[in-house]
Amino acid sequence: MSYLFPNYKRKELELIKGAKQTLTDQKGQDYLDFTSGIGVMNLGYNDPELNQELLKQSNLLWHTPNLYENHLQEQTAEKLANGKDYISYFCNSGAEANEAAIKLARKATGKSKIITFVNSFHGRTYGAMSATGQDSIHEGFAPLVPDFVYLPFNEIEPLKATIDHHTAAVMLEVIQGEGGVSPADEQWIQAVQSLCHKFGALLIVDEIQTGMGRTGTLYAYEHYKIDPDIFTLAKGLGNGIPVGAMVGKASLATAFGPGSHGSTFGGNKLAMRVAYKVVERINQPIFLQDVQKKGQQLFHGLTQIAENNPIIKEVRGKGLMIGVEVSDQETLNATLEQLEAEGLLTLKAGQNVLRLLPPLTITEEEITKGLAILDKVLNNLVS
Ligand SMILES: *Cc1c(COP(=O)(O)O)cnc(C)c1O
């Protein structure tokens, strides 16, 4: 028997070590990784510099309560602001970052209605789950946190009909990750922002999966020329060390005064030491240009595979966040299994989307190798 709750569907495969973009299982089999542990290991596995940072801090001090000054939080927050007027609150996960964003939005505006979108994913705590626009994730957990409204993604009319002076915030992913790697239209996002301004609602962008260089810019919202009031980070922020952040306009500071919100572990010294280095490494023009270039290589390769493959319905995404929509769920499951057997680890999103999130440090050669495996498997499945 297992002593664990069966809330995850686990494979028998156990990954026991990693180096750069390669993982090794308990039998010594190597895999090329196109998952980054679900968008977490953006700088790859076993990175010597990050290992050093963690080791140095672990020999100095692991933890202090948030009753004391914390220069590691200050310097990481400054890096996250990236020259703009943003301040940060640190926590330990994506759901917690969204939880903070929801609380801040209600407190800052004195309003309660929060609009989110169908097929969004914002996490599993009560607030974040209630924000998530997927019935399957709510099942059995009613009553949810009140005053969340779910609207169709990429459609402006339903939003025009729903947003009003009681709306505290509109919350969205600029590319829906778990929901199926679905990018927002630029015009739609800009119209969403205008409506938020018109009704005094805050625009919250969930960058938990799209942030930290994943799409070829530090934050994915930069592609859309918008200026969110709040955005949230986690996954890639700590490259595997649990850490999350809620980043908001400095003008929101007074709504989160002393005693309003907090977390024992949030902004822990080990996490901050690593996160600082992660942001520093990712937020370099050369690094981000390289992500864009490799994203184009992967996207182009997939489009070529799709050209004469009837299983593939669409290739979409940005940078190194790419979805390949296949004909149905069964085909997707077979694809995932066969890719794994061929030594390539990939993910699923939505019902029938193959999701590719390789570490941002992936090489051109590894992309070529991954594409060859994808080509072989997807062609074998055409019958
Ligand atoms: C993964 C994810 C979350 C939840 O993050 P956790 O760390 O699992 O709580 C929230 N939003 C998005 C967009 C995500 O991809």
Side-chain angles (χ1 to χ4, degrees), residues 5 7-9 35-42 89-105 114-134 136-138 141 145 148 150 153 169-184 189 203-215 218-221 223-224 228 230-247 263 265-268 271 274-275 278 317-323 346-350 353 355-358 360:
F5 274 103
N7 59 315
Y8 301 109
K9 187 165 172 241
T35 71
S36 305
I38 320 193
V40 170
M41 307 300 295
N42 286 7
Y89 159 80
F90 290 106
C91 51
N92 312 286
S93 69
E96 274 183 64
N98 285 337
E99 209 61 43
I102 292 162
K103 287 179 71 175
L104 176 60
I114 296 179
I115 297 172
T116 69
F117 297 92
V118 174
N119 285 331
S120 58
F121 183 80
H122 298 297
R124 302 285 195 157
T125 57
Y126 256 93
M129 172 181 69
S130 302
T132 294
Q134 298 188 48
S136 60
I137 285 175
H138 299 159
F141 297 122
V145 177
F148 282 91
Y150 319 110
F153 193 62
V170 177
M171 182 171 178
L172 54 85
E173 300 152 88
V174 297
I175 303 174
Q176 290 189 330
E178 303 299 316
V181 194
S182 310
I189 290 262
L203 177 61
I204 304 174
V205 178
D206 180 341
E207 290 266 7
I208 290 162
Q209 192 159 150
T210 53
M212 306 317 298
R214 174 55 56 191
T215 69
L218 180 60
Y219 307 123
Y221 78 73
H223 295 290
Y224 293 86
I230 299 174
F231 59 94
T232 50
L233 301 168
K235 295 205 164 88
L237 179 57
N239 211 63
I241 296 295
V243 59
M246 188 242 341
V247 187
S263 157
F265 293 135
N268 172 282
V274 175
V278 168
K318 266 200 167 72
L320 287 170
M321 178 171 186
I322 297 180
T346 56
L347 295 162
K348 101 189 246 182
V353 179
R355 179 170 38 154
L356 306 176
L357 300 173
L360 308 182

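Values below: all heavy atoms of this structure, side chains included; hydrogens, waters and symmetry mates excluded. We count ligands from 1, going down the list as the structure has it; atoms in each ligand are counted the same way.
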Can you report which non-hydrogen protein atom sits closest to [atom], along with the distance?
| atom | result |
| --- | --- |
| atom 7 (O) of ligand 1 | Gly94 N, 2.8 Å |
| atom 11 (N) of ligand 1 | Asp206 OD2, 2.7 Å |
| atom 9 (O) of ligand 1 | Ala95 N, 2.7 Å |
| atom 14 (C) of ligand 1 | Lys235 NZ, 2.9 Å |

Mark up the atoms of ligand 1 that fall under 4.0 Å of a heavy atom belonging to [X], in ascending order.
| X | answer |
| --- | --- |
| His122 | 10 (C), 11 (N) |
| Asn98 | 10 (C), 11 (N) |
| Glu173 | 13 (C) |
| Gln209 | 15 (O) |

Polar atom proximity, Phe121 to ligand 1 (N or O, under 3.5 Å):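 Min N/O separation from ligand 1 is below 3.5 Å for Phe121.
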Decide side-chain contact (heavy atoms from CB on, under 4.5 Å) for Met171 and Asn98; before the verdict, give the C-alpha distance in whole Å, the side-chain angles of both, and the deciding distance to 0.1 Å. CA-CA 9 Å; Met171 182 171 178; Asn98 285 337; 3.4 Å; yes
Exceeds 12 heavy-atom contacts within 6.0 angstrom, atom CZ of Phe265: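 For Phe265, atom CZ is not crowded (no more than 12 foreign heavy atoms under 6.0 Å).
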Contact between Arg124 and Ile137 at the side-chain level, heavy atoms closer than 4.5 Å - yes or no?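 Yes. Closest side-chain heavy atoms under 4.5 Å.
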Report the residues that fulfil side-chain contact (heavy atoms from CB on, under 4.5 Å) with Ala105, sequence neighbours left out, ordered by chain and then residue number.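 side-chain contact (heavy atoms from CB on, under 4.5 Å) check on Ala105 returns Ala169, Leu202, Ile204.
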Separation between CE of Met246 and CZ of Phe90, rounded to the nearest 0.5 Å: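 Atom-to-atom, Met246:CE and Phe90:CZ are 10.5 Å apart.
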Just checking, any donor-acceptor pair under 3.5 angstrom between side chains of Thr215 and His223?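 Yes, His223 and Thr215 have a side-chain donor paired with an acceptor closer than 3.5 Å.
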His138-Tyr150 aromatic ring centre distance below 6.0 Å: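 When the ring centroids of His138 and Tyr150 are compared, they turn out to be within the sub-6.0 Å range.
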